[in-house]
Amino acid sequence: MVNSLELVHELHLSLPKEKWWGENNVCQMNGFWFLPKFVPNTVRVLNEFNPLPNDVILASFPKTGTTWLKSLLFSIINRSSKELLVKHNPHELVPTLEVQVFGKTESSPIITDDLDSRRLYSTHSPYQLLGKTLDSFNCRVVYITRNPKDTLVSMWHFTNKWKDAEDAPWPLDEAIEKFCSGIFPGGPYYDHVMGFKKASLEKPENIFFITYEELMIDAKTHVKRFAEFLGCPFDKDEEVEEIVKSCSFEILSSHEVNKSGDFPSWFPVPYNSFFRQGVVGDHKNYLEAKTIERIDALTRDMFHGAGFMYGI
Ligand code: PAP
């Protein structure tokens, strides 16, 4: 009899692989790249996750503003969350489907069928894979994206904070090559973003598409829009202002839990690696002009060519 570990092993062997950084590979499933440890979890999400109509799913490509949006959506749904945000990292308040929820071999107790509860989960799975599940249950999805150059630089920094990165830091040139070729966890970035962008245009009542840069310019207006989209609008402006403030980079990154160099049980990076700069345009401090031109040309092709005038 084949046990589940053997099945996972077989699944890994059968998938195309590419080198990502150092000794780490990524595996390709349905045109997208995944870290091997998340392949079985992602398969479980696709096979076993049954959203409830009341569920809220935060979807994103890695490093595009997930942590920020987790704190905002959690605060909007639960209204006052100031105390909880002081004590808990946002990733522990809003579990990720492929990491905490389906990361174990047995169904997680977090999964309940309580029809009255409003569950909030996040996912890095692309719409091309998870879309059928999300559409069939009619739940609300908020997707955040970020310009490709800042996303790449943010991921490069994050990867170099991994537990086993000490011996072999990831050269930036390699990170650029991998990003441009699409061989990146969750990648290709452009396909991930366009999957949700197109779906949000087709189903605006179910999928809210936002950019990190828009949120940065006017978080207050967008927090109100999220609340309306989720069917729980605010009565008072002060409530909105309080949420925007308590979820700001400045406040969140000042909490001991988020400054900690400890490693959470669910990912091999310290808590403090989710808070680095939190600004728009940091790529200018790292990428040469010729790299910026190269990525902009790709963006023109992939986004502008598809009618999405974003990312340059
Ligand atoms: P994840 O995919 O691993 O969850 P994610 O939260 O999407 O990561 O991205 C982290 C980025 O969001 C970091 O960007 P940087 O490397 O360019 O600095 C992080 O600093 C930024 N970030 C985290 N919290 C906030 C916040 N409250 N406001 C703005 N940016 C934030």
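If you read the sequence from its start, that first residue is 1, and numbering goes on from there. Here the structure is a predicted model, which means the values were calculated and not measured. Heavy atoms only: backbone and side chains are in, while hydrogens, waters and symmetry mates are out.
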Original post:
OG of Ser248 to CD1 of Ile243: how many Å apart, nearest 0.5 Å?
Top reply: 12.5 Å
Original post:
Atom NZ of Lys87 and atom CG of Asn258: how far apart are they, to the nearest 0.5 Å?
Top reply: 13.5 Å
Original post:
Cut-off 3.5 Å, side chains only: do His255 and Tyr271 have a donor facing an acceptor?
Top reply: no
**OP:** List the steps, then state whether salt bridge (Lys or Arg N to Asp or Glu O under 4.0 Å) holds for Lys245 with Glu242.
**Re:** CA-CA 5 Å; Lys245 192 171 168 206; Glu242 190 200 297; over 6 Å; no
**OP:** Could you tell me how the ring of Phe275 sits relative to the ring of Phe249: parallel (under 30°), tilted (30 to 60°) or perpendicular (over 60°)?
**Re:** tilted
**OP:** Validate the cation-pi geometry between Arg140 and Phe229: distance from NZ or CZ to the six-membered ring centre under 6.0 Å, angle to the ring axis within 45°.
**Re:** yes
Original post:
Linking I/L/V/M/F/W/Y whenever any side-chain heavy atoms sit under 4.5 Å apart, do Val257 and Phe74 land together?
Top reply: no
**OP:** Would you please name every residue forming a side chain to side chain donor-acceptor pair (under 3.5 Å) with Glu293, sequence neighbours left out?
**Re:** none
**OP:** Verify whether one side chain among Lys70 and Thr96 offers a donor that lies under 3.5 Å from an acceptor in the other.
**Re:** yes
Original post:
At what distance, to the nearest 0.5 angstrom, does CD of Glu177 lie from CD1 of Ile183?
Top reply: 10.0 Å
**OP:** Inspect the contact between Arg225 and Glu228 and indicate whether a charged nitrogen and a carboxylate oxygen are less than 4.0 angstrom apart.
**Re:** no
Subject >> Set of residues satisfying ring-ring contact (aromatic ring centres under 6.0 Å, His included) with respect to Phe137, sequence neighbours excluded >> reply: none
**OP:** Return yes if some donor-acceptor pair links the side-chain N/O of Ser154 with the main-chain N/O of Thr151 below 3.5 Å, else return no.
**Re:** no
Subject >> Val43-Phe38 co-clustered via ILVMFWY side chain contacts under 4.5 Å >> reply: yes
Subject >> Reference residue Tyr189; test ring-ring contact (aromatic ring centres under 6.0 Å, His included); the match among Phe32, Phe184, Phe179, Trp33 >> reply: Phe179
Original post:
Taking atom NZ of Lys203 as the centre, does the number of heavy atoms from other residues, nucleotides or ligands within less than 6.0 Å exceed 12?
Top reply: yes
Subject >> For Pro188 against Phe61, the heavy-atom pair lying closest together >> reply: C-CE1, 4.4 Å
Original post:
Does any N or O in the side chain of Gln100 come within less than 3.5 Å of the main-chain N or O of His91, such that one atom is a donor and the other an acceptor?
Top reply: yes
Original post:
Looking at Tyr127 versus Tyr143, is the centre-to-centre ring distance below 6.0 Å?
Top reply: no
Output side-chain donor-acceptor pairs under 3.5 Å for residues 302-312, partner residues at least two apart or in another chain, one line each.
unit_1: His304; atom_1: NE2; unit_2: Tyr310; atom_2: N; d: 3.3
unit_1: His304; atom_1: NE2; unit_2: Tyr310; atom_2: O; d: 3.2
unit_1: Tyr310; atom_1: OH; unit_2: Asn147; atom_2: N; d: 2.7
unit_1: Tyr310; atom_1: OH; unit_2: Glu213; atom_2: OE1; d: 2.5
unit_1: Tyr310; atom_1: OH; unit_2: Glu213; atom_2: OE2; d: 3.4

Subject >> Partner of Phe226 by ring-ring contact (aromatic ring centres under 6.0 Å, His included), out of Phe208, Phe209, Phe234 >> reply: Phe208
Subject >> Where Ile144 and Thr64 come nearest, the two heavy atoms and their spacing >> reply: O-OG1, 3.4 Å
Original post:
Considering the options Ser122, Ser60, Ser71, which one meets the side chain to side chain donor-acceptor pair (under 3.5 Å) requirement together with Thr66?
Top reply: Ser60
**OP:** Please test Val280 against Tyr212 for side chain to side chain contact (heavy atoms under 4.5 Å, CB included), starting from the C-alpha separation and ending with a verdict.
**Re:** CA-CA 8 Å; Val280 173; Tyr212 183 92; 4.1 Å; yes
Original post:
Are Asp296 and Lys149 close enough for a salt bridge, meaning some N to O gap below 4.0 Å?
Top reply: yes
Original post:
Using a distance-only test with no angle check, is there a side-chain donor-acceptor pair under 3.5 angstrom linking Glu288 and Thr291?
Top reply: no
